[in-house]
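In the text below, chain A, chain B and the rest are named by the order of the sequence lines, each starting its count at 1. All values below were derived from every heavy atom in this structure, side-chain atoms included, with hydrogens, water molecules and symmetry-related copies excluded.
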Amino acid sequence: MLKIENLNIVAGKFRVKNLSLNLQSGLCHVIVGTTGSGKTLLLETIAGLRRPERGSIIFAGRDISMVEPEQRNISYLPQDLCLFPNMLVRENICYGLRIKGIGREEADRRLQPLAVELDIAHLLDRHIDHLSGGERHRTALARAIISDSQLILLDEPFSSLNLGLKRKLWHYLKQLQVDRKWTMLLVTHDLEEAQLLGDDLSLIANGELVDTGPKSEVFCFPKTVSAACILGVENFLPARFEGRSNGFCEFYSPALETKLAVSASYPTLGRDDMAETCYKLGIRASDISICSSDFAGAIRGCVIENIFKKGRTATLVLRCPQKNFSLLVEADLSEIVGRAPGDDVCISIAPGSVMALIQN
Amino acid sequence: MTFRRAGIAIALLTFLIYAALIASLTTFLSVDSLQALFSSARTLHAIKTSVFAATLVVFIAGLVALPAGFALSRHDFVGRRIVDTMLELPLFVSPAALGAMILIFFSTSAGIWVQNNLQQFVFTIYGIILAQFVAVLGVSVRLCKAAFDEVPTRYDDMARSLGAGSFAAFRTVVLPNARRGLFAAAILTWAKAMGEFGATITVAGTIAMRTETLPISIYMRLASADIEGAVGAIALLICVSLLVLYFSRFISSR
């Protein structure tokens with residue numbers, strides 16, 4: 001459907017380097033990256049608002065990298081929404097249809113159900129200036145999806161909405177995308193949004209593609225430290241490969257002064273040069289729990305440095321046995337009753353949750 | 001005195017300077033002289049000439065300034081800086097010099113050919129229009145550019161990604177969103193053309209009932225020591241201009 005090959009984009013001193021992506025027809029591809037990683041540049045280039053320095057964008061079989069934006073038939077919802085202030089909500093949404101010569105009746109026929117679903121039917125004759133933030137978002141979303149384009153580009157479409165509305169719109173958009181077999185490219189830094197809407201997932205940092213593939217694979221098995229960083233993994237421990245046993249690879253972590261096991265089927269394992277490869281073990285804060293000292297597999301010698309309570313859970317900062325390392329742990333309040341900074345605790349790590357990451 | 005108060009006082013002072021100048025007119029203003037002024041065919045002709053020429057100049061300048069201002073606002077092209085600098089030429093060259101340059105052009109072989117085969121400009125109303133056009137064009141393009149600069153280029157981009165060609169994007173999105181600025185540009189252009197004197201008198205001369213605009217009328221009356229007539233014409237110029245400015249502000253605020 002959309003194939004991007006070795007795309008290079010220059011914007012001032014920043015550049016997107018040799019980016020290649022493959023979007024499959026009828027699926028939602030999500031790009032997750034930190035701010036300033038080049039996500040918006042990429043979308044603008046696909047939409048035709050920027051010329052790439054090098055590389056090709058093949059869309060529906062032809063290279064469109066030099067085609068004018070109006071001839072691309074790609075819908076784009078920019079992060080700043082870019083609603084036209086000289087038009088009513090209705091005129092904004094139907095602008096693309098009007099420009100393409102679609103009659104008022106047909107436009108209305110498409111607009112009505114969409115407006116009802118997005119809960120903006122009562123706003124159609126209002127001016128853009130008289131809308132709230134959420135209403136503006138929904139209007140811009142309606143404008144992007146009303147024309148049933150072959151490809152829809154969404155740049156952080158829900159970033160400034162409250163959580164309740166966000167979740168409602170996620171489900172609505174996902175349903176529409178599946179029903180109408182839209183191909184979508186969505187850019188976000190919200191992992192929940194990426195998990196819910198995405199079929200495929202790409203991670204980008206500093207203008208470079210870090211990882212790409214089916215969502216479950218990229219999410220559950222990050223290969224590099226920077227991929228894990230983007231996916232919100234909190235703890236990274238240097239480790240040395242020790243050997244294999246029973247389908248596991250064993251690593252020694254000097255910080256915890258213990259051995260940790262990673263499934264041998266983890267994508268970064270199974271290579272010949274494992275002993276020479278520089279690994280870091282990635283562990284999510286939610287995969288570590290506080291346990292009693294007689295628990296099998298308990299890791300001893302951690303000291304609580306700080307506790308940050310938030311609702312029913314708390315984030316703990318632990319100092320590792322090797323003093324210059326600390327760990328973040330997410331625990332239920334019930335697990336830490338009576339504990340205070342300075343206390344010694346034992347921790348356990350959920351089996352199968354340790355990631356063997358390559359330092360890049 | 002605080003900075004805020006000082007600022008307000010100076011703002012009021014600027015008003016007072018002009019108000020005092022206008023008030024001093026009343027010394028020489030009498031009902032009889034005004035009556036005589038309004039009943040004179042020469043005055044009415046001067047008003048008509050001024051309003052007609054200034055209004056036409058706004059439209060002609062607009063035809064050039066809209067596309068030129070848009071191009072300067074949106075596109076980067078070879079010679080953009082030179083064009084941009086040249087727009088200020090009428091501002092720093094005195095209007096009389098500008099008029100003299102037009103006259104000099106019409107004494108070149110190309111200018112003589114234009115005068116003989118296309119249109120006689122020197123000492124005609126066409127000369128007034130040409131002189132005013134040349135005098136206001138730079139400011140007019142600058143103001144149009146500023147009006148288009150106010151409209152984010154994101155709007156053009158968005159319209160194009162929704163399927164509009166570059167002209168359609170200009171017509172449906174950029175132009176409507178720049179309308180306030182463009183309207184203000186038209187009014188200022190009109191006001192500048194109305195008051196234009198130096199270039200106009202150099203090119204079109206001072207022929208009563210033919211090339212006499214209101215500013216030229218004031219000059220001619222002063223030159224012939226007709227103080228009351230000059231004061232009446234000044235009052236008239238002020239009234240016509242303030243009326244138009246007031247109405248245009250009224251319309252644009254709606």
Interchain donor-acceptor contacts below 3.5 Å (chain B, chain A):
residue: B:Arg154; atom: NE; partner: A:Asp80; partner atom: OD2; Å: 3.0
residue: B:Arg154; atom: NH1; partner: A:Glu44; partner atom: OE2; Å: 3.0
residue: B:Arg154; atom: NH2; partner: A:Asp80; partner atom: OD1; Å: 3.1
residue: B:Arg160; atom: O; partner: A:Glu70; partner atom: N; Å: 3.4
residue: B:Arg160; atom: NE; partner: A:Glu70; partner atom: OE1; Å: 3.0
residue: B:Arg160; atom: NH2; partner: A:Glu68; partner atom: OE1; Å: 2.6
residue: B:Arg160; atom: NH2; partner: A:Glu70; partner atom: OE1; Å: 2.8
residue: B:Arg160; atom: NH2; partner: A:Glu70; partner atom: OE2; Å: 3.1
residue: B:Thr172; atom: O; partner: A:Asn86; partner atom: ND2; Å: 3.2
residue: B:Thr172; atom: OG1; partner: A:Tyr95; partner atom: OH; Å: 2.5
residue: B:Asn177; atom: OD1; partner: A:Asn86; partner atom: N; Å: 3.3
residue: B:Asn177; atom: ND2; partner: A:Asn86; partner atom: OD1; Å: 3.0

*B:Tyr126: ring pair (Phe, Tyr, Trp, His ring centres under 6.0 Å) partners, not counting sequence neighbours*: none

*asked:* Test: salt bridge (charged side-chain N to carboxylate O under 4.0 Å, His left out). Region: residues 61-72 of chain B. Which pairs qualify, not counting sequence neighbours?
replied: none

*Is the B:Phe70-B:Phe167 ring centre distance short of 6.0 angstrom?*
no

*Write out all pairs satisfying side-chain hydrogen bond (donor to acceptor under 3.5 Å, both in side chains) with one or both partners inside residues 1-15 of chain B, taking only residues at least two apart or from two chains.*
none

*Side-chain (B:Ser241) to main-chain (B:Leu237) donor-acceptor, under 3.5 angstrom*: yes

_Between A:Leu124 and A:Ile93, is there a side-chain heavy-atom distance shorter than 4.5 Å?_
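Yes, side chains in contact.
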
*Does any heavy atom of chain B fall under 4.5 Å from the side chain of A:Leu83, the backbone, both, or neither of them?*
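For A:Leu83, backbone heavy atoms alone lie under 4.5 Å from chain B.
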
